[in-house]
2 protein chains.
Amino acid sequence: MKKTILVFGLLILALILLFQFSKYTITSGDVSTEIVVSVIAIVFFFVGIYINKKSLNKLPSETVEIDHDKIKDLEITSREYEVLQCISEGLSNKEIGERLFLSESTIKTHVSNLLLKLNAKRRTQALQIAKSLKII
Amino acid sequence: MKKTILVFGLLILALILLFQFSKYTITSGDVSTEIVVSVIAIVFFFVGIYINKKSLNKLPSETVEIDHDKIKDLEITSREYEVLQCISEGLSNKEIGERLFLSESTIKTHVSNLLLKLNAKRRTQALQIAKSLKII
DNA sequence: TTAGGGGTCATACTAAAGTACCAACGGCAT
DNA sequence: ATGCCGTTGGTACTTTAGTATGACCCCTAA
């Protein structure tokens with residue numbers, strides 16, 4: 001946090017200096033206007049990129065597109081997919097049953113089928129596989 | 001793709017116009033230098049942000065930064081963290097033990113401590129919590 | 001040197017997960 | 001209408017996960 005303040009402080013200082021410098025050079029006529037304008041443009045262009053990168057790092061922005069075709073390829077049914085989503089939320093079979101108004105037996109059936117279709121031995125492995133396949 | 005070319009074409013055109021406009025206004029002296037420089041700075045600042053966003057969208061860029069401070073805050077030890085990573089790979093306690101050359105008992109101890117520290121009831125829930133905390 | 005923390009391991013137990021098999025119902029296509 | 005498939009649910013069982021407790025070792029800070 002202190003580092004961020006320091007960086008931004010130096011940045012603003014540098015920009016003010018650049019600003020004053022450009023004013024001076026343009027009015028004095030030592031350097032051509034094109035070059036000064038170009039320098040300002042380039043500097044602020046990269047400042048924009050830098051600030052943008054910083055702000056993007058703070059938001060997570062998890063843009064993971066779900067591969068619906070893959071789900072169909074694996075012959076995962078809609079119910080099974082619902083159960084898979086519940087598993088990824090860390091719910092137990094009992095809790096999944098309560099959420100979907102089904103018995104724990106049914107959830108076990110769905111989970112077993114899911115493990116077969118995802119070729120997993122455990123629900124945690126199913127999660128890892130499903131993520132690598134961009135299913136969840 | 002055609003859209004991208006169109007957008008960039010218009011952008012470059014606008015920038016050239018802005019460039020010429022700034023040259024004209026500075027040399028003619030109608031508008032103060034400060035304002036022209038400010039306009040150029042602001043415009044290129046946002047152009048930088050825009051270009052950066054565009055380029056970032058093209059790469060998938062799974063930039064999930066791990067929050068090491070959080071790990072320390074939760075008092076998760078290095079061994080426990082290793083076990084957590086193994087869990088996220090879908091390994092069983094036995095398999096984790098084999099990978100880390102430890103007994104299954106030890107893994108169970110670490111897992112239990114992890115669940116306490118992450119305030120989770122199950123390993124799947126621990127995964128979900130750890131992900132939300134940007135620990136894994 | 002002693003207390004505390006991290007790491008290791010064990011036993012004994014309960015709870016949850018997972019497997020196997022069976023059964024029933026409804027929709028849908030041949 | 002006959003068969004397939006998805007969905008639901010059950011029983012019975014094995015395996016894995018998780019808890020509780022105690023023990024030992026090593027290192028480090030007080």
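Please read these numbers as outputs of a predicted model, since none were measured by experiment. Quick note on labels: first sequence line is chain A, next is B, and so on, each numbered from 1.
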> Between the axis at one end of the helix from C:dT1-D:dA30 to C:dT30-D:dA1 and the axis at the other (five pairs apiece), what's the angle to 10 degrees?
Replying inline: 40°
Can you name the atoms? Protein N/O to nucleotides 19-24 of chain D N/O, anything below 3.5 Å, with the distance.
| from | atom 1 | to | atom 2 | distance (Å) |
| --- | --- | --- | --- | --- |
| D:dT19 | OP2 | B:S112 | OG | 2.8 |

> How close or far is atom C1' of C:dG18 from atom CZ of A:R123, stated in whole angstroms?
Replying inline: 9 Å
> DNA chain C: B:T124 or B:T106, which has the more 5' nearest nucleotide?
Replying inline: B:T106
>> Near DNA chain D, counting only heavy atoms under 4.0 Å, which residues of residues 92-99 of chain B show up?
In response: B:S92, B:N93
> Can you tell me how far P of D:dT8 sits from CD of A:E104, to the nearest Å?
Replying inline: 15 Å
>> Can you list, in residue-number order, the parts of residues 68-90 of chain A that come under 4.0 Å of DNA chain D, counting heavy atoms only?
In response: A:T77, A:S78, A:R79
> Tell me: CD1 of B:I107 to C1' of C:dT11, nearest whole Å?
Replying inline: 17 Å
> Residues in salt bridge (Lys or Arg N to Asp or Glu O under 4.0 Å) with B:E98, at least two apart?
Replying inline: none
>> So if I take every side-chain heavy atom of B:H110 and compare against D:dA17, C:dT8, D:dT7, which nucleotide ends up nearest?
In response: C:dT8
> So which pairs with a foot in residues 104-121 of chain A pass salt bridge (Lys or Arg N to Asp or Glu O under 4.0 Å), sequence neighbours left out?
Replying inline: A:E80-A:K117
> Going by heavy atoms in the side chains, are B:R79 and B:L102 under 4.5 Å from each other?
Replying inline: yes
>> List the residues meeting side chain to side chain contact (heavy atoms under 4.5 Å, CB included) with A:I66, not counting sequence neighbours, and say none if there are none.
In response: A:H68, A:I71, A:Y81
>> When you compare the side chain of B:I135 with that of B:L118, does any pair of heavy atoms fall below 4.5 Å?
In response: yes
> Just wondering, do A:L84 and A:V111 contact through their side chains at under 4.5 Å, heavy atoms?
Replying inline: no
Any protein N or O atoms within reach of nucleotides 23-30 of chain C? Criterion: under 3.5 Å, listing atom names and distances.
none

>> Using the side chain to side chain contact (heavy atoms under 4.5 Å, CB included) criterion, which residues pair with A:D73? Sequence neighbours excluded.
In response: none
> Atom CG of A:N119 and atom CG of A:L74: how far apart are they, to the nearest 0.5 Å?
Replying inline: 10.0 Å
>> Are B:L127 and A:T124 packed together at the side-chain level, in the sense that at least one heavy-atom pair is separated by less than 4.5 angstrom?
In response: yes
>> When you compare the side chain of A:L133 with that of A:D67, does any pair of heavy atoms fall below 4.5 Å?
In response: no
> Are any side-chain N or O atoms of A:S132 and backbone N or O atoms of A:I129, one a donor and one an acceptor, separated by less than 3.5 Å?
Replying inline: yes
> Which part of the nucleic acid, if any, lies within reach of A:S103 when heavy atoms closer than 4.0 Å are counted: base, sugar-phosphate only, or nothing?
Replying inline: sugar-phosphate
Distance-only donor-acceptor pairs under 3.5 Å for side chains of residues 88-96 of chain A, two or more places apart:
| from | atom 1 | to | atom 2 | distance (Å) |
| --- | --- | --- | --- | --- |
| A:S88 | OG | A:Q85 | O | 2.6 |
| A:E89 | OE1 | A:R99 | NH1 | 3.0 |
| A:E89 | OE1 | A:R99 | NH2 | 3.2 |
| A:E89 | OE2 | A:R99 | NH1 | 3.3 |
| A:S92 | OG | A:E95 | N | 3.2 |
| A:N93 | OD1 | A:R123 | NH2 | 2.3 |
| A:E95 | OE1 | A:S92 | N | 3.0 |
| A:E95 | OE1 | B:R122 | NH2 | 2.8 |
| A:E95 | OE2 | B:R122 | NH2 | 3.4 |

> Mapping A:L100 and A:R122 to their closest nucleotides on DNA chain D, which lands nearer the 5' end?
Replying inline: A:L100
> What residues, two or more places apart in sequence or in another chain, satisfy side chain to side chain contact (heavy atoms under 4.5 Å, CB included) together with B:S103?
Replying inline: B:S105, B:T106
> Can you tell me how far CG of A:D69 sits from NZ of A:K134, rounded to the nearest 0.5 angstrom?
Replying inline: 14.0 Å
